[in-house]
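Please read all numbers here as calculations on a predicted model, not as lab measurements. We name chains A, B, ... by the order of the sequence lines, and we start the count at 1 in each one.
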Amino acid sequence: MSEKVVLRFAPSPTGPLHMGGVRTALYNYLFAKQTGGTLILRIEDTDQTRLVPGADQYIIDALAWCGITFDEGVHIGGPSVPYRQSERAAIYQKYTEQLIASGHAYLAFDTAEELDAAREKQGAHFSYNYQTRMDMQNSLSLSAEAVAAKKASGEPYVVRMKVPEDEEVVFQDIVREEVRFHTSQMDDKVLMKSDGLPTYHLANIVDDHLMGITHVIRGEEWLPSTPLHVLLYRAFGWEAIMPKFVHLPLILKPDPALVTRNKGTRRELTDKLSDEFMAAHPALDQKIRSKVHSFIQQLFSDRQGIQGRLNPKDNEPNYQKWLKTFLKGALFGKLSKRDGDRLGFPVFPMDWQDPKTGDTSAGYREAGYLPQAFLNALALLGWNPGNDEEIMSMDRLVEAFSLDRISKSGARFDQDKMKWFNQTYIRATANEALLPLVKAELADGHPALADDEKLLQVIELLKERVSYIPDFASQAGFFFQAPASYDERMVQKSWKAENKGYISTLRERWASLDTWSTATLHDAFEAMVAEKEISNGAVLAPLRLVLTGKPAGPGAFDIAGVIGREETLARMDKAVNDLAVVE
RNA sequence: GUCCCGUUCGUCUAGUGGUUAGGACUCCAGAUUUUCAUUCUGGCAACAGGGGUUCGACUCCCCUACGGGAUGCCA
């Protein structure tokens, strides 16, 4: 336990980092900070065909926005430089040769076509393993001369792991405890591709070893390939010092019933999901197409019905199967990059523009989330402190985090909870800290931009009633501009002749006030109401109408106090003169 | 198909053999605010099913069902 903890976050720059990746980075960060360990950012770009320009920079920027910092990495250097796997090809080459020499790996010359043919022949269950490898074109089945000839002629080849035939691989996982796999179910995975670059498996093991990684904290999707990694450590003679494994439960798509809570997007989403499915299965039978389509249309009509509809009494052959296919691809399963914001909420920390298509996917930052709120919510998706604590600062998370309190089962993402965290954080944030964020949301030339003092007061009044940062901008209008129109229903209700008279009277009393403040305005109002023996509402409702034109918002005296004497009186005059009373 | 992992309110979860099964989000109701929001109070709501083990199972074991992941010269 005295050993210094060394961790890494190792994303692949194949697109923007999504929230699941952010959470993995966060857990690594929390554990590193807590133990005084080292956190490394390594870029795993061994698949040159899937590289997306700008993705690595996005990853760095997004993590910086989240407040997740590293001790070593591509962007800052360190003792194990380079931290980009594509720049470490020679290292992997050397270790691959070592594996071949020790008999743990072999050369394979099978072409993609030959592999396809083999899969064709044996059905989908073909596995390149101890049973089939002698039938394939490789250095185990071919004579040494044949292999040498192929190499000499420049024929491309890969290097495969020679998985032992009949062994049980047992390893410990901090979350899942003991996990067992049998080698008879494993295949001879490619370690080195024909382009000379390694696959994830080899590069990962070599780098983790060379960088002295003590704990591998990664998503559960890696659990099935962990036995291969263990075999690799064993082959290199590193098994005794290999890192401890921590496989995190996956973040799953939200409950379908919750996806369309936001009614405005319901119809849109329904159409989108339907189009998506139909486009993905163009050859689908017309009858099933229309059935699935109508299922999708009905899908969001009520909250509880999803489960019940999964097994509808419909004997149409294959209908059930396709329904399942649809649900799995569209609404269930792990949250993926492909989900983009198609489900109506962001899955990325920041906006991302696809360099190829130009399409933009929404990010939490631009949607108006505070990074602390985003991270706090994420931290609790798959981990909890063991008590009722929920609002936790980064420092508190560092203090409370522990690997053995990570859950085992996948967590469905819940947008409402994320929203609640954001509201809570906005309310707890100082107005001064909110100021620059709010200003960034305002259009050029907006009058609020020139008056920090007043904007601060507006933020104070609005902060109890917004969920996202942009809400400040959209709700701040009447503080800076007289209402251009008046809410019709409110006019009907509260702009009778007598109400108009009260506003005129109140205007005169307010005009003669020595000091203009929320308190003095309120006092003058109280005095008038008492004198005239009328209800507060008879004056308050029309006052709000006159000042804001809207049926809801902060207190009328607060608003008048902020907008000032001149503007308040002008708005009262304007309404009295221009707005016709209702009978 | 095969292998692996999982399964407590709609969702996130607490719970490690004896609990009125607790909290949070959502939703509903009431109070406060003569607006809206906030805040406060209360309410609805769960141990997937079946077998064991045990004096006693949400907790331990097995089976089934369901969910998830993996099965690429992707990570």
Across the strands shown, which category fits K334(A) at heavy-atom distances under 4.0 angstrom: base, sugar-phosphate, nothing?
sugar-phosphate
So if I take every side-chain heavy atom of D416(A) and compare against U26(B), G72(B), A75(B), which nucleotide ends up nearest?
U26(B)
Indicate, with a heavy-atom threshold strictly under 4.0 Å, whether R405(A) touches base, sugar-phosphate, or nothing.
sugar-phosphate
Quick one: which of C4(B), U13(B), A75(B) gets closest to the side chain of V179(A)?
C4(B)
Any side-chain N or O of N384(A) under 4.0 Å from OP1/OP2 of A14(B)?
yes
Paired with U7(B) by Watson-Crick or G-U wobble geometry, both distances under 3.5 Å: which nucleotide is it?
A65(B)
For U59(B), the nucleotide meeting Watson-Crick or G-U wobble distances (both under 3.5 Å) is none
Of all the nucleotides listed (A75(B), C25(B), A37(B)), which has the minimum atom distance to the side chain of D47(A)?
A75(B)
In whole angstrom, give the distance that lies between atom CH2 of W383(A) and atom C1' of A14(B).
13 Å
Nearest-Å distance for atom pair CH2/P, residues W420(A) and U11(B):
19 Å
Name the nucleic acid region contacted by A411(A), choosing base, sugar-phosphate or nothing; use a 4.0 angstrom heavy-atom cut-off, strictly under.
sugar-phosphate
Between C1' on U33(B) and CZ on F525(A), what's the gap in Å once rounded to a whole number?
14 Å
OP1 or OP2 of A75(B) versus the side-chain N and O atoms of K337(A): is any pair under 4.0 Å?
no
So what does F181(A) hit on the nucleic acid, given a heavy-atom distance under 4.0 Å: a base, only sugar-phosphate, or nothing?
sugar-phosphate
Taking any heavy-atom pair under 4.0 Å as a contact, classify G553(A): base, sugar-phosphate, or nothing.
base
For a side chain to side chain donor-acceptor pair (under 3.5 Å) with N384(A), tell me which candidate from E389(A), E390(A), R405(A) qualifies.
R405(A)
Touch check for T46(A), heavy atoms < 4.0 angstrom, all strands: base, sugar-phosphate only, or nothing?
sugar-phosphate
Indicate, with a heavy-atom threshold strictly under 4.0 Å, whether V158(A) touches base, sugar-phosphate, or nothing.
base
Should A29(B) form a Watson-Crick or G-U wobble pair with both distances under 3.5 Å, which nucleotide is its partner?
U41(B)
For the residue pair N28(A) / R8(A), report whether a side-chain donor-acceptor contact shorter than 3.5 Å exists.
no
Counting Watson-Crick and G-U wobble pairs only, both distances under 3.5 Å, name the nucleotide matched with U2(B), or none.
A70(B)
Please state whether the phosphate of A75(B), meaning OP1 or OP2, lies under 4.0 angstrom from any side-chain nitrogen or oxygen of R50(A).
no
Which one of K162(A), R160(A), R133(A) satisfies the salt bridge (charged side-chain N to carboxylate O under 4.0 Å, His left out) criterion with D188(A)?
R133(A)
With the side chain defined as heavy atoms from C-beta on, L223(A) is closest, among A75(B), A70(B), C4(B), to C4(B)
5'-most by nearest nucleotide on RNA chain B - Y157(A) or P249(A)
P249(A)
Nucleotide nearest R176(A) when distance is taken to its side chain, options G6(B), C73(B), U11(B)
G6(B)
Compare the minimum distances between each of U35(B), A75(B), A37(B) and the side chain of A552(A), then state the nucleotide with the smallest one.
U35(B)
Interatomic distance, L335(A) CG vs G67(B) P [rounded to whole Å]
19 Å
Look at the side chain of R465(A) and the base of C36(B), then say whether one donor and one acceptor between them are separated by less than 3.5 Å.
yes
Just to be sure I understand the rule, does N204(A) reach a base, reach only the sugar-phosphate, or reach nothing, if contact means heavy atoms closer than 4.0 Å?
nothing
For the ring pair Y364(A) and F348(A), is the centre-to-centre distance below 6.0 Å?
no
Do we see a donor-acceptor contact under 3.5 Å between the side chains of D195(A) and Q48(A)?
no
The nucleotide from C73(B), G6(B), C36(B) with an atom nearest the side chain of K408(A) is G6(B)
Close side-chain approach of I503(A) to L545(A), heavy-atom, < 4.5 Å:
no
From C-beta outward on Q185(A), which listed nucleotide comes closest to its side chain: C3(B), U38(B), G72(B)?
C3(B)
When the C1' atoms of U20(B) and G15(B) are considered, how many whole Å apart are they?
15 Å
5'-most by nearest nucleotide on RNA chain B - S409(A) or K417(A):
S409(A)
Report the nucleotide, chosen from A70(B), A75(B), U35(B), that has the shortest atom-to-atom distance to any side-chain atom of R544(A).
U35(B)
Any donor-acceptor pair under 3.5 Å between the side chain of T199(A) and the base of C73(B)?
no
Which is it for K334(A) and E220(A) under the salt bridge (Lys or Arg N to Asp or Glu O under 4.0 Å) test, yes or no, and what are the steps along the way?
CA-CA 11 Å; K334(A) 86 172 164 172; E220(A) 195 191 352; over 6 Å; no
Looking across every strand, which nucleic acid part, if any, lies under 4.0 Å from G219(A) by heavy atom: base, sugar-phosphate, or nothing?
nothing
Return the nearest nucleotide to the side chain of S407(A); candidates are C5(B), U13(B), G68(B).
U13(B)
Could you give the CG-to-P distance, from L381(A) to A24(B), as a whole number of Å?
18 Å
Within the 3.5 Å criterion, strictly below it, is a donor on S494(A) or N499(A) matched to an acceptor on the partner's side chain?
no
Would you mind classifying the nucleic acid contact of P11(A) as base, sugar-phosphate or nothing, using non-hydrogen atoms under 4.0 angstrom?
nothing
Base, sugar-phosphate or nothing for L250(A)? Non-hydrogen atoms, less than 4.0 Å.
sugar-phosphate
